[in-house]
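What follows is a single structure, written as structure tokens, with notes after it.
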Amino acid sequence: MKYLVTLSLTLCLLTAFAQPQVDPITEGMECTSITIGKRASADGSVMTSHTDDSHRSRTNMLVETAKDHQPGETQMLYKRLWAKNEPGKMARYEDVPVGTIPQAAHTYQFLNTAYPCVNEKQLAIGESTFGGRAELKSDSGLIDCQRLCMLMLQRCTTARQAIQMAGELLKKYGWIDAGECLTIADKNEVWHLEIVGPGKDKVGAVWVAQRVPDDHVAVNANASTIREINLKDKDYFMASDNIYSVAKENGWWDGKSTFQFAYAYAPSTRTMIACRRREWRVFDLLAPSLHLDPNSENYPFSVKPDTLVTIEKLMSVFKDYYEGTPYDMRKTLTVANKEGKQVISPLANPFMKSDEMKLFKINGGWDERGERNIAVHFTVYGTIIQCRANMPDEVGALCWFALDNVASSIYVPIYANVTDLPSTYKTDGRETGFSKDAAWWGFNRLGTIAAKRWGDMHIVIDNVWNPLEKEFIEKHYDVEKQALQLMKEGNRDAAVKTLTDFSNACGNEAVEQAWKLGDHIWTVFDGLW
């Protein structure tokens, strides 16, 4: 009986310790997306990516299979709202139905994360909210950001087709979300699509899309980055037909000076350090020879990287928290080492919440002075998606998927054409509460504990994750060779099964190690708390 009471108390403490709390200083505008053109990547793949930095998004991934639909069928659309706070329930979103649109005759298979991310035809999407002018927000339409991602992946095979379809649907049915950037890739090119509402009580949207040059990389970090546009250059720009008129009617552009989308529709985002410092950091890590000023208000829309970007390099960028720069939040939290030299304290946490930042007088958050890392404690999941023209779609569409804070997590390879996923990846941890049934909780517990003594604990975590992540990367090449040979022999089902088995094995291994690592650092460092 004493053992049961102790075990129950331990579980309660763990649940309270790992329970993510809504941090008001960061709630509302989160997510980082980095894009890589096919001649900027080491293997010729086009890449888009996303960290869902949210306190409320669902934590699971589902496989939505391809379907044929009958004439007259409709697609229900939903609006994402904050769920009412209930005792014992986690902060989360709920989907409220807003209406229907005609269903497509055929919909493609896609991986259904909180923001649907990639389909069977190698169309992939990342996302980053930038808000924009509040007066543009309308509740009179039917389509929000998550549903637009879903519709693109269900109905489209290329980035251009997805953008054109989005423009048609938004004009007819209306945008009901804040300003959003969708980073849309296919196996040949990648575009940034920025969307804002049409204005209060209006149906429609204002949008612009810019293509990333094939030999460039680009980033969106919660700020509009598309400025000057040239709609005559149809190979690099697309826009809604009201892009100039709405700005002029509202006095945001005089019709004479150079039109800049970001300053017309989302000017405040260009002044926020939490946004533009991440833009600088991404470019500085991938193109340090440019020596960009970390305090600039604007950076190029895209830059050519100094060296071709590998999947390993992009993973390391997403794990970044400004270590070694003046913007590392831990820099003033020092202790004397054995030699008497002042060093960063092992207790210093690069993932502090707002109350901790206030306690230690750290400038962080969503204002003109606040810092915000690329890696943060409130990430729900991260994706890096590769689209590869030199492979059949069954093999070419690959999503590297990490749960919780990417800095304390591991990227797992999941192919867009898999037939199933591990049960723990399909289970939403916000619905279950603290549970081993949901993969996310293993990574969330690990990250939450590690942040309490990051200087020591992250070394232990890296010693496990780094070689395992390397093993996943090395093995995926061999598995793809097997799948490609099976495809060549006309055995598609066997190829897909090979990829499914590999993805599931990697996912199960990562979850098992996350729980073991959490137990390990919880006990080994017990005397140092």
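As the structure is a prediction and not an experimental result, all values here were calculated from the model. In this chain, numbering begins with 1 at the start of the sequence shown.
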Given 3.5 Å as the limit, does a donor-acceptor pair link the side chain of Asp53 with the main chain of Phe378, or not? no

Ring of Tyr265, cation from Arg133 - is the NZ or CZ under 6.0 Å from the centre and inside 45° of the axis? no

Arg372 vs Thr32, test: side-chain contact (heavy atoms from CB on, under 4.5 Å). Steps then yes/no. CA-CA 11 Å; Arg372 206 221 84 159; Thr32 304; 3.5 Å; yes

For Asp320, is there an ion pair with Arg281 - N to carboxylate O distance below 4.0 angstrom? yes

Quiz question: by atom type and distance under 3.5 Å, do the side chains of Gln482 and Thr498 form a donor-acceptor pair? no

Angle between ring planes, Tyr322 versus Tyr327, binned at 30° and 60°: parallel, tilted or perpendicular? perpendicular

Modelled atom types, side-chain donor and acceptor of Arg388 and Ser45, under 3.5 Å: no

Step by step, work out the ring-ring contact (aromatic ring centres under 6.0 Å, His included) result for His50 and Tyr115. CA-CA 9 Å; His50 175 215; Tyr115 291 83; 5.3 Å; yes

At their closest point, which heavy atom of Asn405 faces which heavy atom of Val376, and how far apart are they? CG-O, 3.2 Å

If we count only N and O atoms by modelled type, under 3.5 Å, do the side chains of Tyr477 and Asp43 hold a donor and an acceptor together? no

Charged N to carboxylate O under 4.0 angstrom, Glu480 versus Lys475? no

Report yes or no: does Trp465 contribute a side-chain atom to a donor-acceptor pair with the main-chain N or O of Ser408 at less than 3.5 Å? yes

Could you check whether Glu189 pairs with Arg160 (Lys NZ or Arg NE/NH1/NH2 to Asp/Glu carboxylate O, under 4.0 Å)? yes

Could you tell me whether the side chains of Thr157 and Gln161 share a donor-acceptor contact shorter than 3.5 Å? yes

Between the side chains of Glu394 and Asn417, does any donor sit under 3.5 Å from an acceptor? no

Measure the spacing between CG of Asp462 and CD1 of Ile410 and express it to the nearest 0.5 Å. 11.0 Å

Any side-chain heavy-atom pair of Phe110 and Gln154 under 4.5 Å: yes

Report the C-alpha separation of Val511 and Val412 in whole Å, then their side-chain angles, then the decisive distance to 0.1 Å, and conclude whether the side-chain contact (heavy atoms from CB on, under 4.5 Å) test is met. CA-CA 10 Å; Val511 174; Val412 171; over 6 Å; no

Check this for me, if you would: do Glu371 and Arg277 make a salt bridge, where the nitrogen-to-carboxylate-oxygen distance has to be below 4.0 angstrom? yes

Between Asp95 and Gln146, do the side chains contain an N or O donor and an N or O acceptor separated by less than 3.5 Å? no

Could you tell me which non-hydrogen atom of Gly99 sits nearest to which non-hydrogen atom of Met76, and how far apart they are? O-SD, 3.3 Å

Using a 3.5 Å distance criterion without hydrogens, assess whether the side chain of Asp306 forms a donor-acceptor pair with backbone atoms of Ser289. yes

Between Leu182 and Leu148, the two heavy atoms sitting closest are CD1-CD2, 4.0 Å

Go through the side-chain N and O atoms of Thr48 and Thr183 and say whether any donor and acceptor fall under 3.5 Å apart. yes

Just verifying a value: how many Å separate Lys313 NZ and Phe318 CZ, rounded to the nearest 0.5 Å? 13.0 Å

If we ignore angles and hydrogens, is there a donor and acceptor under 3.5 Å between the side chains of Gln109 and Thr65? no

Donor-acceptor contact present, side-chain Ser33 to main-chain Gly126, <3.5 Å: no

Which heavy atom of Arg155 sits nearest a heavy atom of Pro102, and at what distance? NH2-O, 2.9 Å

Would you find a donor on one side and an acceptor on the other, under 3.5 Å apart, between the side chain of Asn119 and the backbone of Leu123? yes

With a 4.0 Å cut-off, would you call Asp393 and Lys187 a salt bridge? yes

Thinking salt bridges, do Asp144 and Arg147 make one under a 4.0 Å N-O criterion? yes

Has Ser54 got a side-chain atom pairing as donor or acceptor with Ser57's backbone, closer than 3.5 angstrom? yes

Are the side chain of Ser138 and the backbone of Lys202 linked by a donor-acceptor contact shorter than 3.5 Å? yes

Within this structure, what is the CZ-OH distance for the pair Arg80 and Tyr93, rounded to the nearest 0.5 Å? 4.0 Å

Treating His106 as the side-chain partner and Lys67 as the backbone partner, does any N or O pair qualify as donor plus acceptor under 3.5 Å? yes

Would Lys137 and Asp177 pass as an ion pair if we require N to O under 4.0 Å? no

How many angstroms lie between atom OG of Ser49 and atom CD1 of Ile125, to the nearest 0.5 angstrom? 13.0 Å

Please confirm whether the backbone N or O of Phe351 pairs with a side-chain atom of Asn373, one donor and one acceptor, at under 3.5 Å? no

Would the distance check show the side chain of Arg270 and the main-chain N or O of Glu297 forming a donor-acceptor pair, the cut-off being under 3.5 Å? yes

So which atom in Cys31 and which in Ser128 form the shortest heavy-atom distance, rounded to 0.1 Å? O-OG, 2.8 Å

Do the side-chain N and O atoms of His192 and Thr225 include a donor-acceptor pair separated by under 3.5 angstrom? no

Working to the nearest 0.5 Å, report the span between CD1 of Ile101 and OH of Tyr173. 5.5 Å

Salt-bridge criterion met for Lys497 and Asp493 (N-O under 4.0 Å): no

Test: Arg430 cationic atom under 6.0 Å from Trp440 six-membered ring centre, within 45° of axis: yes

Hey, are Gln103 and Gln75 close enough side-chain-wise for a donor-acceptor pair under 3.5 Å? yes

If you compare all heavy atoms of Thr269 against all heavy atoms of Ser224, which two are closest, and at what distance to 0.1 Å? OG1-N, 3.3 Å

Between Asp404, Thr113, Asp428, which is the residue that forms a side chain to side chain donor-acceptor pair (under 3.5 Å) with Thr59? Asp428

Are Lys171 and Asp241 within salt-bridge range, i.e. N to O under 4.0 Å? yes

Of Trp400, Phe443, Phe401, Tyr411, which is the lone residue that meets ring pair (Phe, Tyr, Trp, His ring centres under 6.0 Å) with Tyr381? Phe401

Test side-chain contact (heavy atoms from CB on, under 4.5 Å) on His476 and Phe502; report intermediate values, then the result. CA-CA 8 Å; His476 99 279; Phe502 175 65; 3.6 Å; yes

Between the side chains of Trp253 and Gln260, is a donor N or O closer than 3.5 angstrom to an acceptor N or O? no

